[in-house]
Amino acid sequence: MTGQGVKQLYTDLINNEAKTVYLIKGASGFKVPKLLKELGDYYHKQGVDVEYFLEPLFENTYEAIYVKEPHSTLFLQGTNFPNDINSSDPRIKVIALNECVDVQKFLDNGEQLLQLNQTKENYHNKCFEALANAISIHDDWEVETRRHMDWNGLNEQTDQLFNDLFGSTIPLKKGNRTHRLLGTLTPQGARDTLQSITQNLERRLFIKGYPGTGKSSMMKKLANEAEAKGYDVQLVWCGLDSNSIDMVIIPELNFCIFDSTEPHVYFPDENRPGDEIFDIAKHCHPTEVEEKNINAIVIKYKAAISDAIRYAKMYAEAEGKIREIHDSALDVAEFGKRTARLFI
């Protein structure tokens with residue numbers, strides 16, 4: 001959930017990474033997320049790397065998993081299938097679960113479902129209106145910090161980093177680019193998967209800097225340079241501003257750099273020798289007047305985020321009740337039969 005609406009990266013994953021996509025359609029309760037968790041555990045026990053894609057509304061609930069090489073298979077809830085992907089693509093295998101559902105039970109709960117869907121839509125709209133307001137306020141925050149930024153100092157620091165990472169590397173292959181999300185706003189507040197994403201990387205740079213001081217632009221530039229040098233690159237996008245980068249990972253260098261300021265504040269782990277701060281805040285020197293303006297903007301920004309969280313909670317409550325009704329209409333035995341072939 002972002003200030004620009006719902007953002008998902010399944011189009012990129014389907015087009016550039018997955019060899020097979022299992023699209024699970026026709027059951028919209030909590031049973032499919034549980035199935036995805038079971039599938040992930042099953043393939044992980046076989047020694048295969050698995051990526052889990054969490055739903056924003058419910059803790060520890062999955063909307064997709066990606067089973068990596070040698071399978072390169074995406075298992076995806078039907079409600080999250082991208083509109084710009086052709087479902088007749090031969091790589092896409094539909095698991096139709098409509099016949100697992102007792103339609104009469106839906107009809108028996110028709111009035112309640114109608115009311116819950118109206119409530120859900122209302123709070124959904126209010127949540128995204130609050131997020132859009134937060135982005136607008138954040139833009140004002142960036143205006144205040146940009147005016148006192150020493151861009152030459154940042155460019156020098158960036159050039160030093162690039163030289164340190166790449167030196168005079170001669171490309172031996174074409175770099176490959178993939179995309180993921182770092183986290184998002186949830187009914188419990190901002191959540192991210194940074195520690196999980198970076199746990200196996202040797203070197204982690206923690207960017208410290210104000211909004212609007214070039215963090216995302218610098219990381220995009222770094223990604224372009226790495227790809228031009230022949231390295232594979234993973235861009236990890238912001239969970240609030242869908243146009244902003246929060247992290248760049250270069251797996252072949254065992255390296256990542258990420259924005260470690262609000263809402264995902266992190267500091268180096270003293271037990272990890274490859275952790276260090278990449279301080280760009282030192283290039284920004286707002287006056288006392290600007291600091292007061294910034295503090296006032298921060299208060300407004302936090303209030304807008306608080307509104308979004310409050311509406312997200314009510315949105316999730318209505319959605320959760322809808323899913324419980326869906327689950328109550330599900331023939332569990334038939335569901336098990338139709339999904340058994342996914343455990344290859």
Side-chain angles (χ1 to χ4, degrees), residues 7-25 32-56 60-82 84-87 89-95 172-184 191-204 219 223 226-227 229-237 239 245-258 274 339-344:
K7 181 183 179 76
Q8 52 88 357
L9 298 171
Y10 297 123
T11 295
D12 178 81
L13 202 158
I14 292 170
N15 284 336
N16 300 315
E17 298 182 64
K19 296 176 183 175
T20 305
V21 178
Y22 283 101
L23 183 60
I24 305 171
K25 299 178 65 176
V32 171
K34 290 180 181 177
L35 170 68
L36 292 170
K37 174 65 166 59
E38 291 167 3
L39 283 165
D41 291 344
Y42 172 79
Y43 284 101
H44 179 69
K45 287 177 182 177
Q46 293 183 5
V48 182
D49 288 339
V50 179
E51 289 188 56
Y52 295 85
F53 296 82
L54 292 159
E55 291 193 17
N60 301 316
T61 303
Y62 302 93
E63 63 182 34
I65 64 165
Y66 180 52
V67 181
K68 304 180 84 171
E69 294 181 352
H71 301 280
S72 299
T73 298
L74 176 67
F75 296 88
L76 179 65
Q77 287 192 70
T79 51
N80 293 291
F81 187 70
D84 54 351
I85 294 291
N86 184 357
S87 60
D89 185 321
R91 295 176 301 134
I92 298 172
K93 318 294 182 184
V94 176
I95 305 297
L172 298 177
K173 66 176 180 61
K174 185 179 184 296
N176 182 49
R177 180 174 297 206
T178 57
H179 302 266
R180 294 294 185 270
L181 286 169
L182 180 63
T184 190
R191 293 288 185 271
D192 65 73
T193 55
L194 185 141
Q195 297 290 16
S196 173
I197 291 173
T198 67
Q199 63 182 341
N200 295 322
L201 298 174
E202 293 178 1
R203 187 179 181 193
R204 306 189 301 176
M219 285 189 278
E227 191 174 5
K229 295 287 188 182
Y231 293 105
D232 292 340
V233 176
Q234 188 160 91
L235 275 65
V236 187
W237 293 83
I245 294 290
D246 267 353
M247 178 189 292
V248 171
I249 301 173
I250 309 176
E252 290 150 305
L253 296 180
N254 257 311
F255 168 87
C256 72
I257 182 168
F258 55 91
T339 58
R341 68 187 182 96
L342 299 177
F343 297 84
I344 302 170

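At least one side-chain heavy atom of Leu35 sits less than 4.5 Å from a side-chain heavy atom of Leu342. Taking 4.5 Å as the limit, every side-chain heavy atom of Phe53 sits out of range of all side-chain heavy atoms of Ile65. Side-chain contact between Leu235 and Met219 is absent, with no heavy-atom pair separated by less than 4.5 Å. Taking the side chain as every heavy atom from C-beta outward, Asn15 and Ile85 approach each other to under 4.5 Å. Put simply, the side chain of Ile14 reaches to within 4.5 Å of the side chain of Arg91, judged on heavy atoms. For the pair Ile344 and Tyr43, the minimum side-chain heavy-atom distance is below 4.5 Å. Using a 4.5 Å cut-off on side-chain heavy atoms (C-beta onward), Glu252 and Asp232 make contact. Side chains of Phe75 and Thr339 form no contact here, defined as non-hydrogen atoms less than 4.5 Å apart.
At most 12 heavy atoms of other shown residues, nucleotides or ligands fall within 6.0 angstrom of atom CD in Glu69.
Ile249 and Ile197 get closest at one heavy-atom pair: CD1-CG2, 3.3 Å. The shortest non-hydrogen separation linking Pro82 to Tyr10 is CG-CB, 3.8 Å. Pairing each heavy atom of Leu74 with each of Ala18, the nearest pair is CB-CB, 4.2 Å. When every heavy atom of His71 is checked against every heavy atom of Thr73, the shortest pair comes out as O-OG1, 3.1 Å. Closest approach of Glu63 and Pro56 over heavy atoms only: OE1-CD, 4.0 Å. Residues Lys173 and Gly230 come closest through the heavy atom pair NZ-O, 2.6 Å.
Rounding to the nearest 0.5 angstrom, the gap separating the CD atom in Glu17 from the NZ atom in Lys68 is 7.5 Å. A distance of 11.5 Å separates CG in Leu253 from NZ in Lys229, rounded to the nearest 0.5 Å. Taking CG of Leu194 as the start and CZ of Arg204 as the end, the distance is 6.5 Å to the nearest 0.5 Å. Rounding to the nearest 0.5 Å places CZ of Arg203 at 14.5 Å from OG1 of Thr198. One distance of note links NZ of Lys174 with CD of Glu227; it measures 6.0 Å at 0.5 Å rounding. Rounded to the nearest 0.5 Å, atoms CG (Leu181) and CG (Asp192) are 11.5 Å apart.
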*Decide side-chain contact (heavy atoms from CB on, under 4.5 Å) for Leu36 and Ile24; before the verdict, give the C-alpha distance in whole Å, the side-chain angles of both, and the deciding distance to 0.1 Å.*
CA-CA 10 Å; Leu36 292 170; Ile24 305 171; 4.1 Å; yes
*asked:* Go through it in stages, so that I can follow the logic: the residues are Lys37 and Asp41, the test is salt bridge (Lys or Arg N to Asp or Glu O under 4.0 Å), and I'd like the CA-CA distance, side-chain angles, deciding distance and then a yes or no.
replied: CA-CA 6 Å; Lys37 174 65 166 59; Asp41 291 344; 2.8 Å; yes
*Would you please test Trp237 and Ile245 for side-chain contact (heavy atoms from CB on, under 4.5 Å) and show each step?*
CA-CA 4 Å; Trp237 293 83; Ile245 294 290; 3.5 Å; yes
*Test side-chain contact (heavy atoms from CB on, under 4.5 Å) on Asp246 and Val236 and set out the steps.*
CA-CA 6 Å; Asp246 267 353; Val236 187; 5.6 Å; no
*For Gln234 and Thr178, what are the C-alpha separation, side-chain angles and deciding distance, and is it a side-chain contact (heavy atoms from CB on, under 4.5 Å)?*
CA-CA 5 Å; Gln234 188 160 91; Thr178 57; 3.0 Å; yes
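Using cut-offs of 30° and 60° for the angle between ring planes, the Phe343 and Tyr42 rings count as perpendicular.
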